[in-house]
Amino acid sequence: MLRELEEVQVRPGTEADPAALTDLHHHDARETAVTLGTAAFTAEPRRPWLHSHPEDGPHGLLVACPGEGITGYTTSRPFRPIPAARRAYARVGIPAYVLIDDHDERGVVTVLTGPDPGKAVYDDEVRVAYGTAVTVPAGPAKGFAIDESITGALRDEA
């Protein structure tokens with residue numbers, strides 16, 4: 001895990017990543033409230049999941065790498081995040097929740113911070129259109145910029 005602010009590279013997930021992703025999942029399941037998954041498993045069953053997230057296209061897998069190893073990942077899917085996820089993450093105090101949503105208007109990045117566990121809500125929300133840079137203001141990813149290199153340009157009208 002990051003102890004000091006380090007430069008982090010974000011790249012598409014590859015065939016080499018299932019073991020590191022599995023280790024990260026196991027750490028999160030044991031030590032944090034980041035995931036609801038609690039069962040241990042091996043890396044091999046994650047390969048079909050990895051293959052369901054192509055390196056390019058709208059439903060990819062991105063991994064965060066500070067030098068060696070993986071410290072985080074995110075995926076997209078064709079369905080919008082459910083409000084229950086926001087409440088669950090706020091309830092356990094996840095400091096920053098980032099949504100990169102191709103299906104909100106023409107592409108929107110939403111950064112939620114300031115969790116209020118008692119109310120299960122985030123107090124602060126910033127929304128920007130694709131192509132507009134936004135920086136995560138709190139938590140372990142503080143200072144990480146989400147810009148057009150990650151989201152792509154504003155989508156054309158549907």
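A quick note: this is a predicted structure, and the numbers were derived from the prediction, not measured.
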Is there side-chain contact between [X] and [Y], with heavy atoms separated by less than 4.5 Å?
| X | Y | value |
| --- | --- | --- |
| Val92 | Pro117 | no |
| Val10 | Phe144 | yes |
| Arg87 | Lys119 | no |
| Val126 | Asp124 | no |
| Arg86 | Leu99 | yes |
| Ile150 | Ile100 | yes |
| Glu44 | Pro18 | no |

From [atom1] ([X]) to [atom2] ([Y]), nearest 0.5 Å:
| X | Y | atom1 | atom2 | result |
| --- | --- | --- | --- | --- |
| Tyr130 | Arg155 | OH | CZ | 5.0 Å |
| Asp23 | Ile70 | CG | CD1 | 9.5 Å |
| Asp147 | Thr135 | CG | OG1 | 8.5 Å |
| Tyr122 | Thr110 | OH | OG1 | 12.5 Å |

Under a 4.0 Å threshold between the charged nitrogen and the carboxylate oxygen, would Asp101 count as salt-bridged to Arg127? no
Please walk me through it: do Leu62 and Arg11 pass side-chain contact (heavy atoms from CB on, under 4.5 Å)? CA-CA 5 Å; Leu62 297 174; Arg11 62 167 175 77; over 6 Å; no
Q | Check: Ala16 main-chain N/O paired with Thr14 side-chain donor or acceptor under 3.5 Å | A | yes
Between [X] and [Y], which heavy-atom pair has the shortest distance, and what is it?
| X | Y | answer |
| --- | --- | --- |
| Ala138 | Ala96 | O-CB, 3.7 Å |
| Leu154 | Ala129 | CD1-CB, 3.8 Å |
| Val111 | Pro137 | CG1-CD, 3.8 Å |
| Ala120 | Arg91 | CB-NH2, 3.7 Å |

Stepwise, does the side-chain contact (heavy atoms from CB on, under 4.5 Å) test hold for Thr113 with Lys142? CA-CA 11 Å; Thr113 56; Lys142 181 179 180 178; over 6 Å; no
Steps toward side-chain contact (heavy atoms from CB on, under 4.5 Å) verdict (Val98, Val136): CA-CA 8 Å; Val98 178; Val136 177; 4.0 Å; yes
